[in-house]
Amino acid sequence: MEDRVIIFDTTLRDGEQSPGASMNTNEKIRLALQLEKLGVDVLEAGFPAASDGDFEAVSQIAGKIKKMEVAALARTTHDDIDRAWQAIKHATNPKIHTFIATSEIHMLHKLRLTREQVLEKTVEAVRRACSYTDRVEFSAEDGSRSDRDFLCKVFGAAIEAGATTLNLPDTVGYAIPTEFGDLVRYVREHTPNIHKARISVHCHNDLGLATANTLSAIMAGARQAEVTINGIGERAGNASLEELVMCLHTRSNDLPMKTNINTTLIHPTSRLVRMITGMMVQPNKAIVGANAFAHEAGIHQDGVLKNPMTYEIMKPETVGLNRNLMVLGKHSGRHALRTHLKDMGYDLSDEELKLVFGKFKDLCDKKKYVLDEDLEVLVTEGVLRTAEIFDIQYLHVTCGTTVLPMASVKLSINGRTVKGAGYGNGPIDAVYNTIAELTNAQTELLRFTVSAISGGTDAQGEVTVRLQQDGIVALGRGADPDIITASARAYINGLNRLEYLKHNRNENNGNDLEESGI
Ligand code: KIV
Ligand code: ZN
């Protein structure tokens with residue numbers, strides 16, 4: 001059996017299904033290119049039938065990726081499969097990923113289909129996908145709660161119809177590791193012609209077991225893992241790429257299986273996902289959390305100073321922490337900035353570099369050293385967030401112990417300038433009230449968090465907001481050395497994302513995605 005595990009990254013598809021974590025096309029392309037550098041084998045770029053926006057993003061990604069397989073998700077309908085193919089047909093290595101639920105509860109209550117009908121739809125969908133490409137993956141949604149023999153029958157039929165990858169999802173995160181490993185073994189032993197296909201697994205994290213279940217499946221013979229960066233995804237998320245890869249890396253004596261991942265790019269990729277989606281990572285998250293390599297107890301610190309391996313099972317450098325000790329400052333020129341950004345994976349056009357360089361110089365006036373984390377903010381906010389509806393042109397705030405907090409704000413809304421002033425309980429409340437007035441936003445602020453991007457009192461503050469309007473939730477993120485400006489940016493970013501989601505929802509009208517259950 002192969003000793004390599006294929007890494008199938010679904011951050012752009014299942015990850016984007018995290019509440020509020022929408023990404024625009026520029027952001028998706030940037031992330032796709034980073035995942036290629038990271039060493040991902042298969043990139044699930046999206047679900048083209050979901051909306052015109054999704055179709056466009058998948059299509060653009062397909063045109064830019066050279067090494068990875070680019071997969072597009074499709075239900076078993078002809079329309080979905082044709083749409084998926086249209087979006088990826090110009091990719092170097094296009095792949096169609098089609099799925100249907102196989103558990104009794106899904107077939108009976110969601111799909112209202114009999115076992116025979118599900119079997120028929122599987123065969124028809126896989127055949128149609130195979131008429132376009134040899135790279136076809138079939139997923140049995142809710143596979144972990146399906147009748148085992150029916151599951152093997154469906155998988156056998158999918159292989160016969162031409163599928164080369166069979167994916168076993170634990171869609172609702174219900175499985176436990178021993179049971180899930182057993183299920184993979186059962187599938188290997190009871191599916192006709194299973195040697196013709198690769199077994200993949202796709203685990204959700206509802207019980208916090210997604211990585212453990214994935215690992216158990218690999219030990220039982222699965223050779224593809226569907227994962228996301230930072231573990232983002234539907235509900236409690238998916239198995240996280242960094243956890244799985246570092247398990248295999250760190251315990252290579254006991255788990256002699258390789259991946260293609262360049263582990264030193266794990267941290268930068270994790271930061272990029274955090275930056276683009278606005279989804280923070282919990283500090284104690286394995287591998288990529290802020291505390292993952294921080295030793296607090298004196299006894300631990302003493303041990304680590306004497307020999308890091310006393311308390312560290314992985315070196316921080318292995319996952320790309322402290323990777324780049326070169327810092328830029330106000331004496332750094334355009335060429336140094338371009339070279340540094342290129343090393344970080346940002347290949348900017350002259351126009352983009354000019355924009356980022358201007359922002360870099362502004363930041364140097366406020367901050368002595370500019371770190372990679374700061375540069376990522378400049379690029380994501382300056383280059384990737386283009387052509388948005390709302391933009392801040394000017395912000396002035398007065399506050400203190402003896403004055404009523406007041407904000408004056410000038411915004412551009414679709415290129416038109418508007419300005420106004422307002423009061424609030426505090427400076428941020430004043431800014432938010434004024435922006436809400438100017439944009440006519442009827443949003444509810446569900447959450448507001450502030451943190452520092454790096455150490456030091458001159459660090460940039462990073463603000464994340466969670467906004468809700470008409471049942472749609474969007475995350476917004478903003479950074480600046482001044483936390484009031486960062487707060488305003490986060491709010492504006494959230495409003496832009498809400499607009500994007502509303503637009504996508506309107507496009508979806510008539511296309512009943514709820515029925516797909518994903
Ligand atoms: O969780 C799930 O079952 C999925 C499938 C579409 C693979 O995301
Ligand atoms: Zn999923």
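Note that this is a predicted model, so its numbers are computed, not measured. Order of listing sets the numbers, starting from 1, for every ligand and every atom in it. Below, each value reflects all heavy atoms present in this structure, side chains not excepted, and no hydrogens, waters or symmetry copies.
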Walk me through it: do Leu113 and Ile100 pass the test side chain to side chain contact (heavy atoms under 4.5 Å, CB included)?
-> CA-CA 11 Å; Leu113 295 174; Ile100 192 164; 4.2 Å; yes

Step-by-step side chain to side chain contact (heavy atoms under 4.5 Å, CB included) determination, Leu255 to Ile218 = CA-CA 9 Å; Leu255 304 164; Ile218 290 171; over 6 Å; no

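When Glu44, Glu137, His204, Glu226 are ranked by how near their heavy atoms come to atom 1 (O) of ligand 1, first place goes to His204.
Rounded to 10 degrees, the NE2-metal-NE2 angle spanning His204 and His202 at the Zn ion (ligand 2) equals 100°.
Using the six-membered ring where Trp is involved, His202 and His204 have ring planes that are tilted, between 30° and 60° apart.
With a heavy-atom cut-off of 4.0 Å, Thr10 does not touch ligand 1 at all.
Side chains of Glu56 and Ser59: a donor-acceptor N/O pair is absent below 3.5 angstrom, by distance only.
For the pair Arg13 and ligand 1, the shortest N or O to N or O distance falls below 3.5 Å. By the 3.5 Å distance cut-off applied to N or O atoms, Asn167 is not counted among the residues near ligand 1.
Within Asp14, OD2 is the N, O or S atom that lies nearest to the Zn ion (ligand 2).
Per-residue contacts place Glu141 under 4.0 angstrom from the following atoms of ligand 1 (heavy atoms of the residue considered): 3 (O). Every atom of ligand 1 with a heavy atom of Asp14 under 4.0 Å away is listed here by number and element: 8 (O).
One finds no salt bridge joining Lys121 and Glu124 here, because no Lys/Arg side-chain nitrogen approaches an Asp/Glu carboxylate oxygen to under 4.0 Å.
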Donor-acceptor contacts, no H, no angles, side chain residues 279-287, under 3.5 Å, sequence neighbours left out:
from	atom 1	to	atom 2	distance (Å)
Gln282	NE2	Asn284	OD1	3.1
Lys285	NZ	Ser240	OG	3.3
Lys285	NZ	Glu242	OE2	3.0
Lys285	NZ	Glu243	OE2	2.7

